[in-house]
Amino acid sequence: MIAAKQKLIVTELEEGTGASIAVALDNDGLRSAMRIWFADLEERHGPVASIRPHGLKGHRVQLSFGNYSGDTIRQIQQASEEDVQLARALVASIDPSVSLVFGARSLEDWLVLDGNFLIDATIRHEISADEDDSVSRSCREVIVPLMAAMAELIGYDVVQDEVPLDEPAFEGGLKPAVVNRRERNPRNRLLCIRLHGERCTACGLEPQGRYHAAGGIIEVHHLEPLASLSSSKPYDPATELVPLCPNCHRAVHTRRPVPWSIEELKQIMDEASGC
Ligand SMILES: [Zn+2]
Ligand SMILES: [Zn+2]
């Protein structure tokens with residue numbers, strides 16, 4: 001029964017999105033559903049996800065907006081191109097085996113235009129939908145990226161632009177503030193880990209394997225494509241973000257303003273170890 005999974009769902013969603021989450025049980029009919037929303041937005045004023053069993057081994061997840069979401073929708077309509085791109089990339093990172101329907105739009109061009117916005121997802125598991133593992137998987141695979149995408153569009157906990165004082169000014173390319181913001185944005189981190197896992201791209205360390213409970217320390221590095229130095233190629237979070245362990249991340253940023261590339265850092269490490 002989904003009713004017994006309240007705590008599990010809140011934990012998965014809060015860990016996954018970094019936002020505080022509220023839930024309530026929908027008790028219409030035999031198979032109840034859990035509704036999930038951002039606690040500080042209230043259910044009627046923002047996006048609401050619901051999860052219910054679908055067949056014996058599936059879940060159906062829907063994302064819609066509360067009846068009084070006008071202000072939130074207007075806020076979403078002011079989201080920058082980059083926010084929209086990150087939101088779409090988060091949704092696109094959902095496993096292709098999950099069926100996703102966006103009304104008249106597609107995975108590439110969906111937009112929240114009004115309060116009728118609806119995403120409908122169906123996920124199948126190998127085991128019963130009542131198992132904790134199935135509920136966790138539906139949360140991680142579907143609800144977390146959907147709610148994170150909404151949080152990005154709404155502009156939740158906007159990350160402060162923090163420019164280190166000793167950062168030298170440089171011509172062309174991205175300003176350090178932009179790189180910094182991308183690396184600190186929790187949704188960029190979520191997307192990067194969903195796409196690339198938690199293994200350091202430079203040295204191969206997997207902090208979770210080494211430090212277990214204390215291992216959630218992988219960081220996100222923003223690779224600035226050379227092309228962006230001369231042209232204004234749009235930001236692509238899927239290819240420009242890579243996971244690095246804290247050591248390698250510090251190491252690539254020892255060169256300024258342009259950090260060492262991952263290949264250069266690997267070479268330096270090879271030389272240092274005498275390969
Ligand atoms: Zn590393
Ligand atoms: Zn970096």
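Basis for what follows: all heavy atoms, side chains included, without hydrogens, waters or symmetry-related copies. Order of appearance sets the numbers: ligands from 1, and atoms from 1 within every ligand. Numbers here are sequence positions counted from 1.
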Open item on the list: Using 30° and 60° as the class boundaries, would you call the ring planes of Phe102 and Trp110 parallel, tilted or perpendicular?
Closed with: parallel
Open item on the list: Ring centroids only, cut at 6.0 angstrom: are His221 and His249 within range, meaning strictly under it?
Closed with: yes
Open item on the list: I want to know whether Tyr235 and His222 have ring centres closer than 6.0 Å.
Closed with: yes
- [ ] Could you tell me whether any N, O or S atom belonging to His222 is less than 2.8 Å from the Zn ion (ligand 2)?
- [x] no
- [ ] Look up atom OG in Ser69 and atom CZ in Arg74, then write down how far apart they are to the nearest 0.5 Å.
- [x] 10.5 Å
Task: Presence of N, O or S from Cys203 under 2.8 Å of the Zn ion (ligand 1) - done: yes
Task: Angular separation of His249 NE2 and His221 ND1 about the Zn ion (ligand 2), given to 10° - done: 110°
Open item on the list: Is Glu183 close enough to the Zn ion (ligand 2) that one of its N, O or S atoms comes in under 2.8 Å?
Closed with: yes
Open item on the list: Clusters formed by hydrophobic residues whose side-chain heavy atoms approach within less than 4.5 Å: which one holds Leu56, and what are its other members?
Closed with: none
Task: Angular separation of SG (Cys248) and SG (Cys200) seen from the Zn ion (ligand 1), to 10° - done: 110°
